[in-house]
Amino acid sequence: MALQLFCTNFVEDFVRFRPAFDADLPRARTAGLDLVALWRDADRANAVHFLFEVEDRARAEAFMASPESAVSGLRAGVTGGDYHWLETVD
C-alpha cells in the first residue's frame, strides 16, 4: 500500500511560512517525501495543510525529528500543528 503523510501547520503568517517551506523541500525530497499538494485553509488563514507521498516512513520520521526541521519550523513561524500517516485503500 502507498503511504502518505498529511500535515497541518498553524503559522504566524502565511507570507512568512511559504518561502521557508519551499526552501526546505529539497531536504524533504532527500528524505523520500514528495509534495503532492499544499493548501491554505479558506476559513483559517493561519492554517496550512499539505500532503506528501512517502517513500520510506523511517526516513520521513527521521527528517521530521531532525534539529534542522525544528529550525526550519521556527524560521517559518510555525506555532503548532499535527500530522497523520495515511495508507491508500483500493
(message) For residues Phe17 and Phe6: do they belong to one hydrophobic cluster (side chain heavy atoms under 4.5 Å, members Ile, Leu, Val, Met, Phe, Trp, Tyr)?
(response) no
(request) List in chain and number order the residues that pass salt bridge (charged side-chain N to carboxylate O under 4.0 Å, His left out) with Arg16, two or more places apart in sequence or in another chain; answer none if no residue qualifies. (result) Glu12
(message) Contact between Trp85 and Val54 at the side-chain level, heavy atoms closer than 4.5 Å - yes or no?
(response) yes
(request) Would you give the length of the straight line joining atom CZ of Phe52 to atom CG of Leu25, rounded to the nearest 0.5 angstrom? (result) 6.0 Å
(request) Provide the full list of salt bridge (charged side-chain N to carboxylate O under 4.0 Å, His left out) pairs with a residue in residues 60-73, sequence neighbours left out, each pair given once. (result) Arg57-Glu61
(request) Can you sort out the partners of Asp24 under side-chain contact (heavy atoms from CB on, under 4.5 Å), two or more places apart, ordered by chain and number? (result) Arg27, Phe63, Ser72
(request) Please name all residues satisfying salt bridge (charged side-chain N to carboxylate O under 4.0 Å, His left out) with Asp56, sequence neighbours left out, ordered by chain then number. (result) none
(request) Share the residues that join Phe10 in a hydrophobic cluster, the rule being Ile, Leu, Val, Met, Phe, Trp or Tyr side chains under 4.5 Å apart at the heavy-atom level. (result) none
(request) Please name all residues satisfying salt bridge (charged side-chain N to carboxylate O under 4.0 Å, His left out) with Glu53, sequence neighbours left out, ordered by chain then number. (result) none
(request) Could you pull out all residues at least two apart from Asp82 that satisfy side-chain contact (heavy atoms from CB on, under 4.5 Å)? (result) Thr8, His84
(request) Hey, could you give me the CZ/OH distance between Phe50 and Tyr83, rounded to the nearest 0.5 Å? (result) 12.0 Å
Side chains of residues 29-40: which donor-acceptor partners sit under 3.5 Å, not counting sequence neighbours?
| unit_1 | atom_1 | unit_2 | atom_2 | d |
| --- | --- | --- | --- | --- |
| Thr30 | OG1 | Pro26 | O | 3.0 |
| Arg40 | NE | Ala45 | O | 3.3 |

(request) Apply side-chain hydrogen bond (donor to acceptor under 3.5 Å, both in side chains) to Asp13 and list each qualifying residue two or more places apart in sequence or on a separate chain. (result) none
(message) Is there a path of hydrophobic side-chain contacts, each under 4.5 Å between heavy atoms, that joins Val78 and Leu51?
(response) no
